[in-house]
Amino acid sequence: MNEQQLLHSSKKHLWLPFTQMSDYERDPLIIESGEGIVLKDIYGKEYLDGYSSLWLNVHGHRKEEINEAIKEQLNKIAHSTLLGAANVPAVQLAERLVEITPSGLQRVFYSDSGATAVEIAVKMAYQYWQNIGETKKKKFVTLTNNYHGDTVGAISIGDIDLYHRVYGALMFQSIKAPFPLIYRHSSHDEAFIRDEALAKLKEIFANHHEEIAAITLEPIIQGAGGMNVMPKGYLKGVEKLCREFNILLIADEVATGFGRTGKMFAAEHENVQPDIMTMAKGITGGYLPIAATVTTEKIYEAFYGEYEEFKTFFHGHSYTGNQLGCAAALANLEIYEKENIVEKVAGKSLLVEEELKKLKELSHVGNIRQAGLMCGIELVKNKETKESFPWQERVGYKATLKMRELGMLTRPLGDVVVFMPPFASNDGQLREMIHIMKEAILQVTENN
C-alpha cells in the first residue's frame, strides 16, 4: 500500500483505543518505523517519543539485545501453553521477578496486559479469603481518581467517571477513599493533607474491615488519574492500616514499575511490602505484551490442595507466559543490570525537574507534578484561582496536537499533559522535548 491507501484503509477499518475516531479522521497519524527514541510516520516525518509509546518503552526502539533475544527464542519456539505445563523462559523470568520485587513476593502469575494483571489480583484477593473461610471479605477499597485498566473488574476498582460511568450497570461497587490531592486542597500543608486522608481511610477500615478483601492503589503517583503524587508517608501509612485491620494491599505497579519513578518499583520509596503486586508496560522494554501478578507464598498456599477441594485459581489466558515475551523481558532485565538503568533514571529526573521549571513561568501552567520520569503538567484557565479551562475547549488535546506539529508525541489526561520519556533519552533530547512542550502550551493557551 502507498501512503494514501494506508491512510484510507486506517480510516475505513481501524477502531483505535481511547480515541474518538472523528478526531483521528481530522488528524490522522500512522507510524512506520522507529529508532532510539524517534518515531517516523509513513511520510517520513520524525517525532520524539515523549510518552514512551504509552508509558512502556524503556531503551528506545530497536534495542539490539532485545531484538536478538527474540530472534534466538524464535529459533526454539514461539509459544506453547502455560496451562498445566511450564516453559523455560517463563520459569527463568519468574525467578528474576522474585529477585527484584519487594521481599515476600514469591509467586508469579502471568498475563498479557496491565488490566488483566489487575483483574487477576482482584480475583486472587477475593478467592484467597473465600478459600481460608473468611467468606464475608468480598469488598474492595479504591482511592478517588484511581485507574487500573479497562476490564470489568479493573474499572470496578477504578474511579474515573469519564471512562467508567457508561458501564455502571456492569460494575461491582467498591468503597471510595479520598486520595490526598495536594494541588487543589485548601491547605498547603502536605502532612495535614496526608493525615486527613489516612484518618478517613482508617475510619473506613474500622467500620468495614470484616467485609473488605483488599485496597488497590498505584504507589507514589497516580497515572491516568492525573499524575497525582502522594504526600510523603501516605503510602507507608496505608500499609500500616492494612496490617492493623487485616486487609490485603494490592500495589498496581503497571505504570510505576521498572524504574519509572527512580526505584525499580515505586513501593520501594517507602519500603512497603505489598501482598499482591501487578506489573506490565516496562517489563519487556516496550516490545511484547507480558504482564505479571506477583504475590506471597501465604496467598499461594491458600489455593494449594487437591482438585476436589476446589481451591484452584480458575483463571488463564491463551498467551500467558508467552516465550517470546518472556525472552524479551529477560533481555530487558539484563540491560537494566548492565547499564544501571534505575540509577540513571534518578539522575535524569533531576535534569527534567530543573528544565520543567521553565514551564512554570507560563501563565496557564497551574501545576507540575513529577515522580522520577513520570510527569504531568496541568493547564488551567486562571493560575491564581486554579480555575480549569472548560472541558469542551479540550486545551490539553490541542496542546498535544501542537506538540505533534513541532515534532513530539504525547497524549493528555484531560488538561494534564503527560511527559514520560524513554529512559534512553539523552540530556539534549530531554531538553528539546521540554522546549517543544513549552512552545506548544504557549501557542495554544495564549490564543484561548
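- Between Tyr147 and Tyr163, the angle of the ring planes goes over 60°, which puts this pair in the perpendicular group of the 30/60° scheme.
- By the 4.0 Å N-to-carboxylate-O rule, Asp161 lies close enough to Arg165 to be salt-bridged with it.
- Ile204 is listed as a side-chain neighbour of Ile212, based on a closest heavy-atom distance under 4.5 Å.
- For Glu384, the CD atom counts as loosely surrounded, since its 6.0 Å shell holds 12 or fewer non-hydrogen atoms of other residues, nucleotides or ligands.
- At a threshold of 4.0 Å, the pair Lys298-Glu301 does not count as salt-bridged, since none of the basic side-chain nitrogens sits closer than that to a carboxylate oxygen.
- No more than 12 heavy-atom neighbours from other residues, nucleotides or ligands sit within 6.0 angstrom of OH on Tyr167.
- Remark: the Asn332 side chain and the Thr284 side chain contain no N/O donor-acceptor pair separated by less than 3.5 Å.
- Inspection of the Gln222 and Asn228 side chains reveals an N or O donor paired with an N or O acceptor under 3.5 Å.
- Thr116 and His317 are not linked by any side-chain donor-acceptor pair at a separation below 3.5 angstrom, with hydrogens and angles left out of the test.
- Within the 3.5 Å criterion, the main-chain N or O of Pro422 finds no donor-acceptor partner in the side chain of Asn57.
- Using cut-offs of 30° and 60° for the angle between ring planes, the Phe423 and Tyr336 rings count as perpendicular.
- In this structure, Ile31 and Leu409 have side chains that are in contact, with non-hydrogen atoms separated by less than 4.5 Å.
- A donor-acceptor pair under 3.5 Å links the side-chain atoms of Asn146 to the main chain of Thr216, judged by distance alone.
- Within 6.0 Å of NZ on Lys381 lie no more than 12 heavy atoms contributed by other residues, nucleotides or ligands.
- No donor-acceptor distance shorter than 3.5 angstrom exists from the side chain of Glu393 to the backbone of Pro390, with no hydrogens or angles considered.
- Going from atom NE2 of His148 over to atom CZ of Phe140 covers 11.0 Å, rounded to the nearest 0.5 Å.
- Ionic pairing of Asp275 and Arg243 is present here: one or more N-O contacts between side-chain nitrogen and carboxylate oxygen are shorter than 4.0 angstrom.
- Ion pairing between Glu211 and Lys138 fails under the 4.0 Å rule for side-chain N and carboxylate O.
- By the 4.5 Å heavy-atom criterion applied to side chains, Leu241 and Leu198 are counted as neighbours.
- Panel note: side chain Lys402, backbone Gln443; no donor-acceptor pair is recorded below 3.5 Å.
- Using a cutoff of 4.0 Å between basic side-chain nitrogens and carboxylate oxygens, Lys358 and Glu355 are scored as salt-bridged.
- Within 6.0 Å of atom NZ in Lys40, 12 or fewer heavy atoms from other residues, nucleotides or ligands are found, so the atom counts as exposed in its surroundings.
- Lys360 places no side-chain N or O within 3.5 Å of a backbone atom of Ile368 that could act as its donor or acceptor partner.
- Inter-residue side-chain proximity for Leu324 and Tyr287 is flagged as unmet; no heavy-atom pair is nearer than 4.5 Å.
- Using a 4.5 Å cut-off on side-chain heavy atoms (C-beta onward), Val352 and Ile434 make contact.
- In terms of heavy atoms, Thr410 sits closest to Met408 at CG2-CE, 3.9 Å.
- Closest of all the heavy-atom pairs between Ser10 and Tyr24 is OG-OH, 2.9 Å.
- Between the Gln370 side chain and the Gly372 main chain, a donor and an acceptor come within less than 3.5 Å of each other.
- If you check the side chains of Thr256 and Glu253, you find a donor sitting under 3.5 Å from an acceptor.
- For Glu339 and Lys63, the salt-bridge test passes: some basic side-chain N is under 4.0 Å from an acidic carboxylate O.
- Ion pairing between a basic and an acidic side chain is recognised when a charged N comes within 4.0 Å of a carboxylate O; Arg62 and Glu35 show such pairing.
- Looking at heavy atoms from C-beta onward, Glu334 lies out of side-chain contact with Glu337 at the 4.5 angstrom threshold.
- A donor-acceptor pair under 3.5 Å links the side-chain atoms of Ser52 to the main chain of Pro421, judged by distance alone.
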Side chain to side chain donor-acceptor pair (under 3.5 Å) evaluation trace for Thr278 with Asp252
CA-CA 5 Å; Thr278 63; Asp252 179 0; 3.0 Å; yes

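- Atom CG of Leu97 and atom CG of Leu330 lie 8.0 Å apart (nearest 0.5 Å).
- Residues Phe258 and Ile100 are in side-chain contact: their nearest non-hydrogen atoms beyond the backbone lie under 4.5 Å apart.
- For the residue pair Ala399 and Val444, the shortest heavy atom distance occurs at CA-CG2, 3.8 Å.
- Scanning both residues, Asn145 and Asp159, for their nearest heavy atoms gives N-OD2, 3.1 Å.
- Proximity of a side-chain donor or acceptor of Arg369 to a complementary backbone N or O of Val229 within less than 3.5 Å is not detected.
- Judged purely by distance below 3.5 Å, without hydrogens or angles, the side chains of Glu119 and Thr293 never pair a donor atom with an acceptor atom.
- Counting only distance, with no hydrogens or angles, the side chain of Tyr110 and the backbone of Ala94 share a donor-acceptor pair below 3.5 Å.
- Of the candidates Lys386, Arg184, Lys383, Glu378 forms a salt bridge (Lys or Arg N to Asp or Glu O under 4.0 Å) with just one, namely Arg184.
- Side-chain N/O atoms of Asp41 and Tyr47 include a donor and acceptor closer than 3.5 Å.
- Taking every heavy atom of both residues into account, Ala329 and Leu93 meet most closely at CB-CD2, 3.6 Å.
- Put simply, the side chain of Asn382 gets close to the backbone of Thr385: a donor and an acceptor are under 3.5 Å apart.
- A salt bridge links Lys338 with Glu65: the closest approach of a Lys/Arg side-chain nitrogen to an acidic carboxylate oxygen falls below 4.0 angstrom.
- Side-chain contact between Leu430 and Phe419 is present, with heavy atoms from C-beta onward closer than 4.5 Å.
- In this structure, CZ in Arg404 is found 8.5 Å from NZ in Lys45, a value given to the nearest 0.5 Å.
- Of all non-hydrogen atoms in Ala440 and Met403, the two that sit nearest each other are CB-CG, 3.4 Å.
- Between Asp23 and Arg394 there is a salt bridge, with a side-chain nitrogen of the basic residue lying less than 4.0 Å from a carboxylate oxygen of the acidic one.
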Report the C-alpha separation of Glu361 and Lys438 in whole Å, then their side-chain angles, then the decisive distance to 0.1 Å, and conclude whether the salt bridge (Lys or Arg N to Asp or Glu O under 4.0 Å) test is met.
CA-CA 10 Å; Glu361 305 164 2; Lys438 181 179 180 180; 3.5 Å; yes

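- Here CG of Asp150 is found 6.0 Å from NE2 of His164. Values are rounded to the nearest 0.5 Å.
- Ion pairing of Lys232 with Glu190 is absent here, as no side-chain N (NZ or NE/NH1/NH2) approaches a carboxylate O to less than 4.0 Å.
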